[in-house]
A.B. asks: 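Could you have a look at this structure, given as structure tokens, before my questions?
Computed from a predicted model, the values in this text were never measured in an experiment. These numbers come from the heavy atoms of this one structure, side chains and all, not from hydrogens, waters or symmetry mates. Below, chain A is the first sequence line, B the second, and so on; all start at residue 1.
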Amino acid sequence: AQTVTQSQPEMSVQEAETVTLSCTYDTSESNYYLFWYKQPPSRQMILVIRQEAYKQQNATENRFSVNFQKAAKSFSLKISDSQLGDTAMYFCAFMFPNFGNEKLTFGTGTRLTIIP
Amino acid sequence: DGGITQSPKYLFRKEGQNVTLSCEQNLNHDAMYWYRQDPGQGLRLIYYSQIVNDFQKGDIAEGYSVSREKKESFPLTVTSAQKNPTAFYLCASSIIPGTRSGANVLTFGAGSRLTVL
């Protein structure tokens with residue numbers, strides 16, 4: 001079974017600074033997908049970024065980028081030029097593409113607060 | 001606009017009662033999921049369905065039941081057998097994972113908060 005670990009329950013950073021959220025996972029599979037989801041105070045889950053394990057290039061989406069280290073099973077999220085709207089819970093998630101039996105496994109989340 | 005609608009947003013239940021949470025999507029997605037969220041535990045999978053009239057248990061299915069009679073709808077019933085039902089419930093949907101570009105990404109509803117009195 002796959003597991004996802006987020007070791008930072010809470011983090012805070014000043015507005016405009018850069019922050020990195022950590023995520024590690026455990027799997028014996030070689031092909032899989034990794035995600036970061038954001039849950040703001042509204043509690044609506046929003047996809048931040050997605051990484052396919054067979055792609056060596058790190059995914060980026062505007063101010064959000066990942067550092068994907070496959071051998072180390074690490075998948076950290078970097079938020080550059082942080083904004084007040086980035087305040088949210090951030091969840092790391094893993095999916096193994098097993099046709100007909102796909103499931104998204106989540107970590108316990110990191111609560112990020114952006115300080116004005 | 002396409003999306004996922006969950007209702008009700010807030011629900012109160014007396015102990016011993018069954019309640020049903022609604023989830024409807026107009027995204028033409030094949031797969032649908034139910035997750036439970038508790039403080040400090042992230043999201044845990046209850047049930048999921050890839051096609052109509054078929055569904056699989058997730059990690060914490062005990063005390064819950066689902067049906068998938070229509071592609072658009074995936075209601076969740078919280079039965080009296082669920083010992084600790086107070087939680088936030090999230091419904092999600094996706095294109096069948098692995099079938100084409102954009103697959104494997106889940107779209108979530110706004111959630112339903114269930115409180116047992």
Side-chain angles (χ1 to χ4, degrees), chain A residues 1-10 21-25 29-55 59 61 75 88-112, chain B residues 1 3-6 9-10 23 25 27 29-52 54-61 87-114:
Chain A
Q2 290 81 17
T3 59
V4 179
T5 302
Q6 294 180 251
S7 59
Q8 304 153 312
E10 296 188 22
L21 309 183
S22 300
C23 173
T24 58
Y25 57 94
E29 306 296 338
S30 60
N31 185 31
Y32 46 86
Y33 298 87
L34 295 163
F35 306 83
W36 279 98
Y37 277 87
K38 167 185 177 180
Q39 188 180 43
S42 68
R43 307 200 77 171
Q44 176 73 54
M45 294 285 285
I46 303 165
L47 178 68
V48 176
I49 202 164
R50 180 179 80 146
Q51 175 80 43
E52 298 172 44
Y54 64 87
K55 292 185 177 179
E61 287 288 342
F75 183 60
M89 283 288 291
Y90 287 81
F91 293 96
C92 180
F94 172 102
M95 179 184 281
F96 170 57
N98 182 14
F99 282 93
N101 194 31
E102 287 78 6
K103 297 184 292 184
L104 197 60
T105 301
F106 287 86
T108 53
T110 296
R111 184 177 301 279
L112 176 65
Chain B
D1 288 339
I4 300 178
T5 301
Q6 289 188 240
K9 188 171 184 178
Y10 299 98
C23 178
Q25 55 98 0
L27 299 166
H29 283 174
D30 303 287
M32 297 187 74
Y33 310 81
W34 274 105
Y35 283 90
R36 170 178 171 145
Q37 185 176 18
D38 296 282
Q41 296 195 48
L43 278 73
R44 294 179 291 169
L45 182 64
I46 304 172
Y47 268 99
Y48 62 108
S49 169
Q50 302 275 352
I51 58 173
V52 173
D54 188 50
F55 46 83
Q56 286 78 41
K57 293 182 178 180
D59 301 318
I60 56 166
F88 187 65
Y89 292 87
L90 283 159
C91 179
S93 70
S94 71
I95 300 169
I96 286 288
T99 52
R100 55 190 184 275
S101 177
N104 304 320
V105 174
L106 268 61
T107 300
F108 285 84
S112 294
R113 174 71 184 179
L114 172 63

A.B. asks: Counting the benzene-type ring for Trp, do A/Phe75 and A/Phe94 have ring centres under 6.0 Å apart?
C.D. replies: no
A.B. asks: Hey, which of B/Leu45, B/Leu106, B/Asp38 has the most heavy atom pairs under 4.5 Å with chain A?
C.D. replies: B/Leu106
A.B. asks: Counting only non-hydrogen atoms closer than 4.5 Å, does B/Ile51 touch chain A with its backbone (N, CA, C, O), its side chain (CB onward), both, or neither?
C.D. replies: neither
A.B. asks: Could you tell me whether the side chain of B/Ser49 and the main chain of B/Asp54 form a donor-acceptor pair under 3.5 Å?
C.D. replies: yes
A.B. asks: Look at the side chain of B/Gln37 and the backbone N and O of B/Leu90, then say whether any donor-acceptor pair between them is shorter than 3.5 Å.
C.D. replies: no
A.B. asks: Can you check whether A/Leu104's main-chain N or O pairs, donor with acceptor, with B/Tyr33's side chain at less than 3.5 Å?
C.D. replies: no
A.B. asks: Using a 4.5 angstrom heavy-atom cutoff, name the option from B/Gly109, B/Gly111, B/Gly58, B/Pro39 with the most pairs to chain A.
C.D. replies: B/Gly109
A.B. asks: Identify which part of A/Gln39 has an atom lying under 4.5 Å from any heavy atom of chain B, answering side chain, backbone, both or neither.
C.D. replies: side chain
